[in-house]
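Written below as structure tokens is the structure these notes are about.
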Amino acid sequence: MVINMNDIINNKQDSKEGDYLLVIDGSSLLSTQFFGNLPKEIMFAKTMEEKEKYFPKIMQTATGVYTNAVYGFLRVLLKIIKDQKPTYLAVAWDISRNTFRREIYPDYKGNRGETLEPLKDQFKLCQHVLKEMGIVQFMDERYEADDFSGTLCQKFEEEVPIRVMTKDNDYLQLITERTNLWLIHSTAKKTDELYEKYGLSKKELNVPDRTFLFTPELVEKEFGIEPSSVPSLKGIGGDSSDNIKGVPGVGEATAVALIKEYKTVENLYEILNNLDETGKKEINEYWKTLGIKRTPINALLKISDTELVGEKAAILSKTLATIKKDIDLKDLGLEQLRIHINTENAQKCFNELEFKTIKMDNAEVEDSSINNLRFEADKIKITSNLEEVETLFSNLIKLWEKNQKKLKKTKKSRNDKSDSKITIKEIKKPEYASEDAVGIKLIMENKSLVGISVYYGSEASFIIPCEGFITPDFLTSKLNGLLEKKITLAIFDIKKYLPYLNANEESPCFDVTIAGYLLEPDASTYEYQTIAEKYLELDLPSEKEVFSGQTYASLSLLDQDQYKKAACYESYVAHHIYPVLLKLLSERGLLPLFAGIEMPLVYTLYDMEQRGIRVDTNGLKDYSDQLGVSIVELEKQIFELVGVEFNINSPKQLGEILFQRLGLSYGKKTKTGYSTSAEVLEKLSSEHPVIKLILQYRQLTKLKSTYADGLVSYVEGDGRIHGTFNQTIAATGRLSSTEPNLQNIPIRMELGRKIRKVFIPEDGYLFLDADYSQIELRLLAHMSNDARLIEAYRQAQDIHRLTASEVFHTPFDEVTSAQRSNAKAVNFGIVYGISSFSLGQDLDITRKEAEEYINKYFMTYPGVKTYLDGLIEEGKETGVVKTLYGRIRPVPNLTNSNFMKRSAEERIAMNSPIQGTAADIMKLAMIHVNQVLKERKLKSRLLLQIHDELLVETHESEVEEVAKIMKEEMQQAASLSVPLEVEVANGNNWYEAK
DNA sequence: CACGTCACG
DNA sequence: ACGTACGTGACGTGT
């Protein structure tokens, strides 16, 4: 049977979305981006002098040209071109205040302050860049951006639908069925609230971030008036931003109510001017029914020769607020606005402006070069014939060898450029072939191998189901044969297949999933579909999509064509992606980390999972029963106290009981109701005796469901739990543990801690537990190179006490335990990327006091301050922060205009290098410990890693030797400017060994 | 399937 | 202008 590869690789569908014209109010967008990308010190500063102090912190080029606004503008623009895909584009600018409106009203926009110095020149700069990019722009001394926008709308809306992007709401008047508005808000929250209010999905509407899509209907719903009434509304109510006064004495609410009723200024005065005294009284009464409180009729009818009041003011204000739609644009045609970005010029500008994180190719504005992968008409052979399979493999090996010879001839030796500051101790590690790998997929069903798919170019691509003479063992031996020939195999998630793949640390196995993870550690998945799309620009159906609809539980996987497809896709992508990822890893300095840490670690983790950890199932059941008894008792008492039975586990019901039935004072609220978190409840514990019981109940049910009962279900036939360690989840480089999570077994509370007694070693064995002492703070000392912190650790001082002594101005020996524990919180806070707000909350002190602590801390350890600031700087410049071993963490939001997002990213930038380096070091230690144990043929085995702790099951006869190995390997995993301390303990269960 | 809550480093 | 600590995973509830 032969499958044509064209049937398998579906072409990317050219989803033809509707053409439309996008008109951007450039001045609006540039100024919002300017303010959004200012350092927060400037936002907080009150006086101009204070603001100026921080101008040097604004993004600028090496020569001191401010670029923050232009940067933001371009990012937004390119993102829109990519995501919202406009067909035509025009940008309109305000370039002068001397517009025709000033001729009729000299105070027009008279209330505007001076533009901030750093923004001034960016208008011209931005216009220059757009010009270079080939984007059509409109600007003129006499007209404003809105007049050009209005004119463009008028001219083209019959030809093509239009979107106008601005932050000024006087543009609302331009809205029609054909012309919609993207109104820019300063915060995402505002827009989200609006979308929620009207039950709209941002995603479906496909709108840019922080903009709300206004249609005529939505204008009507939100403001109660039609778009065309907007100038009249401003005619009455005025517009403070443009210094349009409206009718003096009439406020905004009244103006809205009047325009809602009369639509235009003219209609309103038509009636008002023809009223007699009784008519005025009647209309006053009528207006009251419209919700108009203070009667504005006198103000509306006021007449004066000297002042601008009443109708005269209304008419003038309306005129000023009316957008001009008939500027003569000569013979401008729509086609002249079609987007054709001159990418070369654009990239040149970006380089000049030193925008390293904006690349033209982000925008996908050009037709991405036709993907040659799509046109391969490769053939996949499916066979379970022994003879055929043998031939396929031997042909594959011949082909490989031929290709390698070719490659070696043309290839210059690759320099693994690495900027990691520490060399990785020599261990066994794989050597990968240049640019060429065999893509392999092992097809599993119920944890057994049912076949493999191999992809190696058109001449050696096949699927082999396990049938007849083709056994799992046979396939294992064939794959092994490839590895012995040093043939590089590219596979997704190798650890999953190690039962059938006899690979070890030195095998040239390239785990595509892990490579994807190192290149982009905060991605959500690394499935073939995602990887193919990201790096090969190839659109494949995901495994899920392939399977959807037609799976037959009764049939074995490989009897179903769609399973074959998915297997083919995966080996196909693995093969094609190898040279791409290898190059990227090399370019980004990630190869030493990949080959020296992550790949060898795969086998260590596999060993740990295979070994599993023994559990005293009876002990676990007893523990569960005891908890059960206490829970029932607590339940009874709680129901008695509140006088009604309810589900205590339901935050909804509990909230209603506590805060409505019992009337307790609620603190926080969540999206869905009252918060009943432990934090909130603890503050209430004096208000009602039931609170303490509820907290106890929570504690016990958690222990019973998650730990006691939860763990029992994971114990396998051998009396052990074989959990999974995930290597590609945590964005910092840490491991994660699932099914079950063995990294969050209780320890902080005694009751929970007791559960550790059921984790027991094999008969004749003991547990050895080793943990790094304060590894993150020590790394902070090393990485910041702060003299004082380093000295303190070299002298083995109590770091929390030292910090307390300095921060609280107390002699070292007189530091109280409360001071020490506060200082400890500060130390932690620093590692997490501190904010005074949160530290204050944590310590229950004011924000100001917390800020004092932080300031004192930074005065004590000035190197730390410099280091942390440097991390943010580095992140802004390069888009990533790095660990000592070169592991990267993207931090794209350091320039986000949303304060919250930006601040969160700053904390990430400060924390990730530290947390990540600790993870790197621990991983190295694990590989070493595992390797030494095996080399020395010891019976002891590594079982668990809990971030800074290792648990080993040690044979009684080996305790001392293994304790020494652990301590030494962990301490020597990295050589830093401060010592790494490791504490080792042993015991007959996990409780004792800690 | 999202959310709230809580367990760990 | 925003209302937060960094990094995880499992459970129960309620849509």
Side-chain angles (χ1 to χ4, degrees), chain A residues 32 35-36 38 40 43-44 185-190 521-522 647-655 668-681 694-695 698-707 709-711 713-714 723-726 729-749 752-753 755-756 771-772 774-776 825-826 828-843 847 850 854 889 897-916 918-919 922 944-949:
Chain A
T32 49
F35 287 107
L38 276 184
K40 55 175 178 261
M43 317 269 276
F44 289 130
H185 287 143
S186 52
T187 68
K189 204 180 155 198
K190 261 191 200 162
D522 51 359
N647 188 342
I648 309 169
N649 280 322
S650 160
K652 191 174 166 231
Q653 295 183 32
L654 180 60
K668 273 192 228 164
K669 274 195 158 185
T670 61
K671 272 181 208 165
T672 45
Y674 307 103
S675 167
T676 64
S677 68
E679 191 195 351
V680 172
L681 294 189
I694 289 167
L695 284 167
R698 280 251 179 93
Q699 205 190 355
L700 298 191
T701 50
K702 176 88 178 180
L703 288 173
K704 183 161 158 48
S705 65
T706 304
Y707 298 103
D709 300 343
L711 287 175
S713 62
Y714 289 104
T724 306
F725 286 101
N726 307 295
I729 301 288
T732 51
R734 273 192 178 178
L735 299 177
S736 93
S737 160
T738 49
E739 294 178 85
N741 182 352
L742 293 170
Q743 290 179 320
N744 74 346
I745 304 300
I747 189 165
R748 293 175 190 168
M749 309 289 271
R753 189 176 196 150
I755 202 157
R756 294 184 171 226
D771 72 301
Y772 282 114
Q774 297 176 346
I775 185 167
E776 293 190 350
V826 176
F828 265 97
I830 296 291
V831 172
Y832 289 155
I834 201 148
S835 85
S836 54
F837 183 90
S838 315
L839 181 68
Q841 253 195 352
D842 191 37
L843 293 181
R847 223 198 66 166
I854 295 169
R889 168 94 193 250
S897 57
N898 179 320
F899 172 80
M900 215 191 67
K901 281 192 182 160
R902 187 171 66 245
S903 309
E905 197 83 317
E906 286 172 358
R907 293 193 292 273
I908 289 171
M910 294 189 273
N911 171 267
S912 292
I914 300 170
Q915 190 181 121
M922 180 51 113
L944 302 180
Q945 184 249 46
I946 310 97
H947 308 305
D948 61 357
E949 170 191 355

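Remember, predicted model here, so these are calculated numbers, not experimental data. Naming convention: chains lettered A, B, ... in sequence-line order (proteins, then strands); numbering from 1 in each chain.
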Using purine N1 to pyrimidine N3 plus N6-O4 or O6-N4 for Watson-Crick, or N1-O2 and O6-N3 for G-U wobble, both under 3.5 Å, which nucleotide pairs with B/dC8? C/dG7

Give [X] one of three labels, base, sugar-phosphate or nothing, depending on what nucleic acid heavy atoms sit under 4.0 Å from its own.
{"X": "A/Ser737", "answer": "sugar-phosphate"}
{"X": "A/Gln653", "answer": "sugar-phosphate"}
{"X": "A/Ala731", "answer": "sugar-phosphate"}
{"X": "A/Arg889", "answer": "sugar-phosphate"}
{"X": "A/Asn647", "answer": "sugar-phosphate"}
{"X": "A/Ile914", "answer": "nothing"}

Under-3.5 Å donor-acceptor pair between A/Gln915 side chain and C/dC6 base: yes

Kindly say if [X] contacts the phosphate of [N], meaning a side-chain N or O under 4.0 Å from OP1 or OP2.
{"X": "A/Ser705", "N": "C/dA10", "answer": "no"}
{"X": "A/Gln841", "N": "C/dG3", "answer": "no"}
{"X": "A/Ser675", "N": "B/dT5", "answer": "yes"}
{"X": "A/Thr672", "N": "B/dG4", "answer": "yes"}
{"X": "A/Ser835", "N": "C/dT4", "answer": "no"}
{"X": "A/Asn741", "N": "C/dT8", "answer": "no"}
{"X": "A/Arg698", "N": "B/dG4", "answer": "no"}

Rounded off to whole Å, could you give me the [atom1]-to-[atom2] distance for the [X] and [N] pair?
{"X": "A/Phe899", "N": "C/dG3", "atom1": "CZ", "atom2": "C1'", "result": "9 Å"}
{"X": "A/Asn744", "N": "C/dG9", "atom1": "CG", "atom2": "P", "result": "10 Å"}
{"X": "A/Glu906", "N": "C/dA5", "atom1": "CD", "atom2": "P", "result": "16 Å"}
{"X": "A/Lys652", "N": "B/dA2", "atom1": "NZ", "atom2": "C1'", "result": "15 Å"}
{"X": "A/Asn649", "N": "C/dA10", "atom1": "CG", "atom2": "P", "result": "19 Å"}
{"X": "A/Met900", "N": "C/dA1", "atom1": "CE", "atom2": "P", "result": "16 Å"}
{"X": "A/Arg907", "N": "C/dT4", "atom1": "CZ", "atom2": "C1'", "result": "5 Å"}
{"X": "A/Phe725", "N": "C/dT8", "atom1": "CZ", "atom2": "C1'", "result": "13 Å"}

I want to confirm an ordering. Mapping A/Ser650 and A/Pro521 to their closest nucleotides on DNA chain C, which one lands closer to the 5' end? A/Pro521

Tell me which nucleotide among [options] gets nearest to the side chain of [X].
{"X": "A/Phe837", "options": "C/dT4, C/dA5, B/dG9", "result": "C/dT4"}
{"X": "A/Ser838", "options": "B/dT5, C/dA5, B/dC8", "result": "C/dA5"}
{"X": "A/Arg734", "options": "B/dG9, C/dG3, C/dG9", "result": "B/dG9"}

What distance, rounded to whole Å, do you find between the two P atoms, one in B/dG4 and one in C/dA5? 13 Å

Whether [X] side chain and [Y] backbone form a donor-acceptor pair below 3.5 Å:
{"X": "A/Arg902", "Y": "A/Gly36", "result": "yes"}
{"X": "A/Gln743", "Y": "A/Gln945", "result": "yes"}
{"X": "A/Arg734", "Y": "A/Gln915", "result": "no"}
{"X": "A/Arg756", "Y": "A/Pro746", "result": "yes"}

Please report the C-alpha distance between A/Arg907 and A/Ser838 in whole Å, then the side-chain angles of each, then the deciding distance to 0.1 Å, and finally whether the side-chain hydrogen bond (donor to acceptor under 3.5 Å, both in side chains) criterion is met. CA-CA 12 Å; A/Arg907 293 193 292 273; A/Ser838 315; 5.8 Å; no

Can you name the nearest heavy-atom pair linking A/Ala850 to A/Gly840, along with the distance? CB-N, 3.6 Å

Looking only at heavy atoms, the pair that brings A/Ser737 and A/Pro740 closest together is OG-O, 3.3 Å

